[in-house]
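Structure first, then comments.
In what follows, residues are counted from 1 in the order of the sequence shown.
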Amino acid sequence: MFFHIVLERNMQLHPRHFGRNLRENLVAKLMKDVEGTCSGRHGFVVAITGIENVGKGLIRDGTGFVTFPVKYQCVVFRPFKGEILEAVVTMVNKMGFFAEAGPVQIFVSNHLIPDDMEFQSGDMPNYTTSDSSVKIQKDSEVRLKIIGTRVDATEIFCIGTIKDDFLGVINDPTGA
């Protein structure tokens, strides 16, 4: 789920940022470039917590830019198979529903929704139990289990299920 790791990155800085605020400018650019991004290997970078080391800069020929190796600590979010997450439903259709847990989008197929829940189409599509006591619709909060992940270079996709004990709707936005 969440990990505190050390990463390294080469940062290019324009000469106009040189001066007594060089380190602060470098750290600000690092935060702007790295926070909120995703690497398939490590996961989503949530926040940079500290700078361990800024190496000596190397001047790039012809441009004037300087490349600095920066070693930094950060918190990353990486979902794994078998993990239980709480997520907010973003879209419901007859194939299942999509939910978001932070930066991760999770798809729950209608085959992975309990059999007693039926899809109801209309202006607010949802999955409802036969006695209408439980309803999954947009903005519902659900507890789900990740059963599969696919990692690309810049994105992580997950498949989830609510067909297990203690999984399902946590909070219904209609208040019913």
Side-chain angles (χ1 to χ4, degrees), residues 1-92 95-109 112 138-164 166-168 170-171:
M1 188 177 238
F2 290 98
F3 301 98
H4 193 240
I5 61 172
V6 175
L7 294 176
E8 199 166 334
R9 183 179 176 104
N10 288 327
M11 297 297 302
Q12 282 195 357
L13 203 59
H14 192 274
R16 74 171 157 258
H17 300 295
F18 297 170
R20 82 179 127 206
N21 295 336
L22 175 68
R23 186 179 171 88
E24 290 79 17
N25 290 334
L26 202 57
V27 171
K29 186 174 185 332
L30 178 71
M31 287 182 172
K32 182 176 158 279
D33 290 355
V34 172
E35 286 182 351
T37 62
C38 175
S39 88
R41 184 173 177 200
H42 301 291
F44 295 92
V45 178
V46 178
I48 294 173
T49 57
I51 306 297
E52 284 199 354
N53 183 30
V54 177
K56 293 186 179 198
L58 183 68
I59 300 170
R60 309 281 301 176
D61 291 337
T63 63
F65 280 82
V66 176
T67 303
F68 293 92
V70 180
K71 201 174 203 179
Y72 59 97
Q73 300 171 354
C74 60
V75 175
V76 293
F77 173 68
R78 172 99 193 260
F80 288 96
K81 184 178 175 182
E83 194 171 340
I84 308 291
L85 292 175
E86 292 181 0
V88 177
V89 176
T90 55
M91 187 175 83
V92 179
M95 301 300 290
F97 66 86
F98 287 92
E100 287 181 352
V104 177
Q105 190 165 39
I106 304 153
F107 177 70
V108 178
S109 167
L112 299 170
K138 188 176 187 304
D139 297 327
S140 293
E141 292 178 26
V142 292
R143 181 174 293 125
L144 48 83
K145 180 179 182 180
I146 294 176
I147 58 169
T149 60
R150 189 179 95 220
V151 178
D152 283 353
T154 59
E155 234 174 336
I156 299 174
F157 303 97
C158 295
I159 302 293
T161 181
I162 58 169
K163 208 174 188 178
D164 212 344
F166 307 108
L167 301 180
I170 304 168
N171 188 17

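Heavy atoms from other residues, nucleotides or ligands lying under 6.0 Å from CZ of F166 number 12 at most. Environment of CE in M95: sparse, with no more than 12 heavy atoms of neighbouring residues, nucleotides or ligands closer than 6.0 Å.
K138 approaches V92 most closely through the heavy-atom pair N-CG2, 4.0 Å. Considering every non-hydrogen atom in both V66 and G57, the closest pair reads CG1-CA, 3.5 Å. Of all heavy-atom pairs spanning I106 and A101, the tightest one is CD1-CB, 4.0 Å. In terms of heavy atoms, T90 sits closest to Q105 at OG1-NE2, 4.1 Å. Minimum heavy-atom separation, V88 to D139: CG1-CA, 4.0 Å.
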With a cut-off of 3.5 Å and sequence neighbours excluded, list every side-chain donor-acceptor pair involving residues 38-46.
residue: S39; atom: OG; partner: H42; partner atom: N; Å: 3.1

Show which side-chain atoms of residues 8-26 pair as donor or acceptor with protein atoms under 3.5 Å away, not counting sequence neighbours.
residue: H14; atom: ND1; partner: R16; partner atom: N; Å: 3.1
residue: N25; atom: ND2; partner: H17; partner atom: O; Å: 2.9
residue: N25; atom: ND2; partner: N21; partner atom: O; Å: 3.3

* L7 and C74: CA distance, side-chain angles, deciding distance, side chain to side chain contact (heavy atoms under 4.5 Å, CB included) verdict -> CA-CA 7 Å; L7 294 176; C74 60; 3.6 Å; yes
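Scored by the ring-ring contact (aromatic ring centres under 6.0 Å, His included) test, F68 finds no partners at all (sequence neighbours excluded). Annotation: salt bridge (charged side-chain N to carboxylate O under 4.0 Å, His left out) contacts of E86 (sequence neighbours excluded): R143. Every residue was checked against the salt bridge (charged side-chain N to carboxylate O under 4.0 Å, His left out) condition with D61, not counting sequence neighbours, and none meets it. Evaluation of the salt bridge (charged side-chain N to carboxylate O under 4.0 Å, His left out) rule for D33 yields K29 as partners, not counting sequence neighbours.
Atoms CD1 and OG1, on I59 and T67 in that order, are 10.0 Å from each other to the nearest 0.5 Å. Separating the CD1 atom in I159 from the CG atom in L112 is a distance of 8.0 Å, to the nearest 0.5 Å. Interatomic distance, NZ of K145 versus CG of L85, reported as 12.0 Å (0.5 Å rounding). Between the CZ atom of R60 and the CZ atom of F65 there is a distance of 10.0 Å, given to the nearest 0.5 Å. For the atom pair CD1 (I84) and CG (D164), the distance works out to 7.0 Å, reported to the nearest 0.5 Å. Atoms CZ and CZ, from F3 and R78 in turn, are 8.0 Å apart once rounded to the nearest 0.5 Å.
Here the side chains of L144 and L167 are not in contact, with every heavy-atom distance at 4.5 Å or above.
Between the side chain of T149 and the backbone N or O of F80, no donor-acceptor pair lies under 3.5 Å.
For the side chain to side chain contact (heavy atoms under 4.5 Å, CB included) with Y72, the qualifying choice from V34, V54, I5, T49 is V34, the only one to do so.
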